[in-house]
Amino acid sequence: MTESALALSDVSFAWPGRDGFSLSCPSFRLAAGESVLLLGASGSGKSTLLSLVCGIVVPTRGRIAVGGIDLGGLRAGERDRLRAERIGIIFQQFNLLTYARVADNILLPLRFAPKRRARARNGPKEAARLCGALGLPDGVMRKTAGRLSVGQQQRVAVARALIGAPSLIVADEPTSALDTATQDSFLDLLFAQVAEAGSSLLMVSHDERLGQFFDHVVRIEDIVTTARVAA
Amino acid sequence: MILRLATQSLMARALTVGMTVLAIALSVALFLGVEKVRTGARASFADTISGTDLIVGARSGSVQLLLYSVFRIGNATNNVTWKSYQDIAARPEVEWIVPISLGDSHRQFRVMGTTPVFFEHYKYRGGRSLGLAAGHGLESLYDAVIGAEVAASLGYAIGDPIILSHGLASFTDHQDQPFRVAGIVARTGTPVDRTVIVSLEAIEALHVDWQSGARAGQVTPAEVIREMDLTPTAISAALVGVKSRLQIFGLHRWINEYPEEPLMAILPGVALQELWQIVGVAETALIGVSAMVVVTALIVMMAMILASLDERRREMAIWRAMGAGPVTIFGLLALEATLMAVAGTVVGLGLLYLGLAAAQPWLDATFGIWMPIGPPTLREASILAGLVAAAAFVCLLPALRAYRLSLADGMMVRI
């Protein structure tokens with residue numbers, strides 16, 4: 001049996017505070033090198049699930065393992081380190097530090113992840129290679145991130161997620177800010193690079209049409225139950 | 001890389017950051033300016049008289065003697081007889097001695113009778129001599145040399161006649177013996193500026209017809225007075241210079257133990273220190289006010305960082321997602337505050353030196369406060385270092401808030 005890139009078992013979590021939003025996930029598994037589309041509307045608990053997976057918040061109960069390492073057994077600083085080392089994250093939009101140059105944006109996660117930095121070998125060179133592979137124009141590395149188009153910014157975010165080949169890529173509706181024509185080419189580039197890096201891909205979206213690109217499609221309500229307790 | 005990103009982040013918010021830096025810069029310039037004025041005023045005050053080793057007067061308090069002999073404030077409680085003066089002058093330790101006779105006035109200014117050697121030996125601001133802006137020194141009996149402020153406020157020019165008054169704030173004028181403005185002393189920033197200087201003999205001449213503080217019946221004509229022996233019977237005080245500084249204390253003791261008359265000698269530097277302790281309360285107030293301005297600027301900075309936090313939650317979320325711990329977020333904000341404080345300090349220093357360079361001649365001419373332009377003193381440098389540390393400290397509150405926000409938001413902030 002291959003090692004799981006991500007494994008959740010018997011997880012439950014409740015946000016602190018009056019909101020009272022809680023979530024439980026009995027079992028979910030993502031194999032290494034696998035790509036999974038998690039389908040869910042907003043409010044279905046996917047943001048919370050991603051926060052859990054990335055180790056930003058810890059479950060009140062249960063076990064979450066990234067690359068076989070149990071997040072529950074780590075201190076906050078170690079979780080931050082694990083996230084930097086093993087997870088590449090792509091948001092819906094506003095991915096980048098708009099004031100910083102593209103190169104600094106791409107290299108930022110390596111700053112917090114020595115092993116990933118070592119894997120990338122020559123960071124700036126690897127960043128330039130990824131930019132080229134993702135169809136970004138020459139000289140983009142020196143530009144200020146805020147000056148790029150939304151589509152270009154999303155591709156820079158992909159380069160940032162992929163640099164140093166982390167074992168898991170988490171993408172939160174990365175195509176929703178793009179128009180339909182660019183969505184497909186964006187996904188093609190994303191999948192090509194994810195495959196080259198050998199990473200697993202967990203993407204969250206409400207768009208069923210994207211399902212054709214993935215190994216598996218999972219509806220979030222099938223693996224997660226949510227409750228909102230009135231305070 | 002973190003430093004570069006922090007700098008770029010600040011640059012991206014150039015306007016608000018610029019205003020905050022400006023607020024800090026102005027407060028720094030003000031604080032250091034006050035500090036400079038304070039030390040400048042203190043130094044100028046301490047430099048009111050230099051080169052004089054001892055001031056001799058009738059026995060009273062040292063501050064009182066200093067006040068009337070140097071600052072022309074208050075009155076001599078008693079006089080020093082001419083005999084005592086000559087005894088002191090005859091001491092082997094004495095290199096020079098300048099008699100001073102006070103008691104008359106002209107308008108709001110004091111009249112001081114002395115000898116022409118006063119101009120040789122009175123030194124201020126570390127050895128500067130009095131210089132004449134116009135005219136000449138005391139040459140004939142009815143010559144008066146006036147200070148710069150006397151000339152400026154009464155509009156006197158060389159050759160103008162002036163009438164001295166008997167005593168202070170009195171209505172009795174010596175109108176029978178008019179003086180002539182012979183010279184005007186260049187501005188010194190010392191009480192000399194507010195003094196009308198005449199010869200010792202002139203003081204005597206004015207009082208030929210006076211007995212026990214009242215005018216006697218007859219008026220002696222000026223021609224007769226010029227022929228009289230005008231050696232004074234008493235003076236108010238004397239400035240003494242000794243041949244060797246080692247002899248100061250010996251002479252000091254000798255004068256204090258002078259058997260013929262109760263005399264007192266003071267060391268001007270020591271008495272000035274005593275006096276400054278009384279005057280110095282104002283400087284504490286000044287320091288307090290400018291410190292408040294600095295605190296205000298720091299609070300402005302804190303408010304600015306706090307206000308920016310909400311719009312930067314997205315940025316914080318990106319940092320968190322990339323693996324930055326809350327400690328890094330905390331450090332980032334502390335770094336920003338420190339950078340702003342450093343920038344403010346540097347700009348403030350620039351403003352200060354610009355202002356100093358522009359205002360230095362004017363301050364000297366108008367108030368006689370000499371402000372040397374030099375690198376920040378150790379004290380100033382440590383104040384500035386303290387300011388930067390304080391900036392890092394006040395950003396603890398916004399940094400803590402950012403820390404808490406980043407924990408609560410995680411990386412999933414929606415805009």
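Here is the naming used below: chain letters follow the sequence lines, and residue numbers restart at 1 for every chain.
Contact of B:T328 with chain A is made through the side chain alone, with heavy-atom distances under 4.5 Å. For A:A113, no part lies under 4.5 angstrom from a heavy atom of chain B. When heavy atoms are compared at a cutoff of 4.5 Å, A:N105 does not approach chain B at all. Looking at B:R13, there are no atoms closer than 4.5 Å to chain A (heavy atoms on both sides), in backbone or side chain. For A:R101, the parts lying near chain B are the backbone and the side chain together; criterion is any non-hydrogen pair under 4.5 Å. With a 4.5 Å cut-off on non-hydrogen atoms, A:Y99 touches chain B through its backbone and its side chain both. For chain B, no part of A:I87 is nearby; none of its heavy atoms comes within less than 4.5 Å.
Applying the 6.0 Å contact sphere to CZ of A:R111 captures no more than 12 heavy atoms from other residues, nucleotides or ligands. Within a 6.0 Å sphere centred on CZ of B:F393, other residues, nucleotides and ligands contribute 12 heavy atoms or fewer. Remark: A:R147 CZ is loosely packed, at most 12 non-hydrogen atoms of other residues, nucleotides or ligands lying under 6.0 Å away.
Taking 4.5 Å as the limit, every side-chain heavy atom of B:M322 sits out of range of all side-chain heavy atoms of A:L97.
Shortest non-hydrogen contact noted between A:A84 and B:G323 is CB-CA, 3.8 Å. Contact detail for A:F91 and B:A321: the closest heavy-atom pair is CZ-CB, 3.6 Å.
Here CZ of B:R320 is found 10.0 Å from CD1 of A:I89. Values are rounded to the nearest 0.5 Å.
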Test side chain to side chain contact (heavy atoms under 4.5 Å, CB included) applied to B:L5 and A:L108, step by step
CA-CA 10 Å; B:L5 289 176; A:L108 187 59; 3.7 Å; yes
